[in-house]
Number of protein chains: 2
Amino acid sequence: MKHPVAMDTNFKDDGDTPYDTSKPSSFLTYRLSRVQARLNAQAADLLRRHGGVPLAQWRVLLLLYGGDVSSQKEIVGLAQFDKGQVSRLVDTLIERGLISAKSGGKDKRVRTLSLTDDGTAIVERLIPIMRERQRQLLSVFSAEEQTRLMEFISRLDGVADKLDI
Amino acid sequence: MKHPVAMDTNFKDDGDTPYDTSKPSSFLTYRLSRVQARLNAQAADLLRRHGGVPLAQWRVLLLLYGGDVSSQKEIVGLAQFDKGQVSRLVDTLIERGLISAKSGGKDKRVRTLSLTDDGTAIVERLIPIMRERQRQLLSVFSAEEQTRLMEFISRLDGVADKLDI
DNA sequence: CCCAGTAGCTTGACATGTCAACGATTAATG
DNA sequence: CATTAATCGTTGACATGTCAAGCTACTGGG
């Protein structure tokens, strides 16, 4: 990947803490944002180089491939994507012929979604590659550290909703 | 804030690991993405409710207020924003009268940026609010945990560039 | 049955983020 | 000094993400 290495210890802040450059804690949301952006860029690049789809579309395809979901509502519930975004992602995937939608259910508002053969082929081609990426990403953490990291993230997730300002 | 609580332990994956819902580690990038989105939404909402500017613009204003930067290059270097994005953010901030730009330097490509009085007023009004938010966010971590969390993020940051796929 | 409320989805509007091509200027090097 | 290369910035194109208004279909209480 790219990325100029710069600033890992030398930037000012994350947009949330104005001064106070001395305390690493001040950089938390900034650094989260950056590492998140880098991981996304790496995943998107990987998908592009292997002739795949954009990252957001890929995530929808995976959910459908796993058989976990068959409607937009379920995609929204599982992945916590915005419903508007899902609506447009589904449109795009249908246009590209990677998924199909049937409206025959009881509830006429709902379209039942499924992968086409093309969509299935793409997912099955990319899955091993994405699994290998995941393996390499996690290789820098011990099992205990992985657990600890996830627990930290959960805690952040919890506190984000409780801020009383 | 909003957010339907759902799925914190029950979703399939993060778009990077197709199956394997049993291992929390499989959810890492997904959960990072979600917690990051939630923190961003919370910060943006806070800025909006207090009559401020959008989050990205806010971050640029803060960098300028701190006196750390005076050109787009320095913003890109410090904050690791995309230079195209910075170019447009600066345009917007100038249109809104929050910053000003002078082209008088040696390097005729560079504009020297600074906050206007309006820009300074907005930043100084919002800073205490954002500092309180940061304090509350970090209140769920002990000092030792904060250090540990930052170290984890650094490790992720490092490995993201080294993936050989 | 009626109809007010809710649910699933669509759409518009905007903000954010990323990449790549390009223009202008400056720096480096023969 | 003259090219060439690198740097700073702009712009176009597109992907992503978020919010809110509105549409249609379903649902439940009267």
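We name chains A, B, ... by the order of the sequence lines, and we start the count at 1 in each one. These numbers were taken from a predicted model, which means no experiment stands behind them.
Nucleotide D:dT16 holds its P atom 21 Å from the CZ atom of B:R38, rounded to whole Å. Put simply, CG on A:N40 is 10 Å from C1' on C:dG17, counting in whole angstrom units. For the pair B:R49 CZ and D:dT18 C1', the computed distance is 16 Å after rounding to whole Å. Note: CZ (A:F81) to C1' (D:dC19) measures 17 Å, nearest angstrom. Computed from coordinates, the B:I94 CD1 to D:dT10 C1' distance equals 13 Å when rounded to whole Å. The CG-C1' distance, from B:D45 to D:dG17, rounds to 15 Å in whole Å. Between the CD atom of A:Q36 and the P atom of C:dT16 there is a distance of 17 Å, given to the nearest Å. Atom CD of A:E74 and atom P of C:dA7 are 16 Å apart (whole Å).
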| request: Let me see the working for B:R148 and A:E151 under salt bridge (charged side-chain N to carboxylate O under 4.0 Å, His left out), right down to the final yes or no. | output: CA-CA 12 Å; B:R148 193 90 191 277; A:E151 194 269 314; over 6 Å; no
Side-chain donor-acceptor pairs of residues 104-120 of chain A under 3.5 Å, sequence neighbours excluded:
residue	atom	partner	partner atom	Å
A:D107	OD1	A:R109	N	2.9
A:D107	OD1	A:R109	NE	3.0
A:D107	OD2	A:R109	NE	3.4
A:D107	OD2	A:R109	NH2	2.7
A:R111	NH2	A:Q72	OE1	3.1
A:S114	OG	A:S100	OG	3.3
A:T116	OG1	A:G97	O	2.6
A:T116	OG1	A:L98	O	3.1
A:T116	OG1	A:D118	N	3.4
A:T116	OG1	A:G119	N	3.1
A:T120	OG1	A:T116	O	2.9

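Ionic pairing of B:D157 and A:R31 is not present here: no N-O contact between side-chain nitrogen and carboxylate oxygen is shorter than 4.0 angstrom. Between A:R48 and A:D45, at least one side-chain nitrogen of the basic residue sits less than 4.0 Å from a carboxylate oxygen of the acidic one, meeting the salt-bridge criterion. With salt bridges taken as basic N to acidic carboxylate O contacts below 4.0 Å, one links A:R135 and A:E132.
Of the two residues contacting DNA chain C, namely A:K73 and B:D107, the nearest-nucleotide position lying further toward the 5' end is that of A:K73. With DNA chain C read from its 5' end, the first of the two nearest nucleotides for A:R48 and B:Q57 is the one closest to B:Q57. Between B:R111 and A:K106, the residue whose closest nucleotide on DNA chain D is further toward the 5' end is B:R111.
Residue A:A44 is out of contact with every strand shown, counting any heavy-atom pair closer than 4.0 Å.
Across B:D68, B:V69, B:L89, a single residue satisfies side chain to side chain contact (heavy atoms under 4.5 Å, CB included) together with B:I75, and that is B:V69. Paired with A:L32 under the rule side chain to side chain contact (heavy atoms under 4.5 Å, CB included), one option of B:L156, B:L32, B:N40, B:L149 passes, and it is B:L32.
Considering only side-chain atoms of B:P54, the nucleotide from C:dT16, D:dT24, D:dC8 that sits closest is C:dT16.
Contacts between residues 82-91 of chain B and DNA chain D, defined by a heavy-atom separation below 4.0 Å, involve B:K83, B:G84, B:S87, B:R88, listed by number.
Residue A:K108 has no polar side-chain atom (N or O) positioned under 4.0 Å from OP1 or OP2 of D:dA25.
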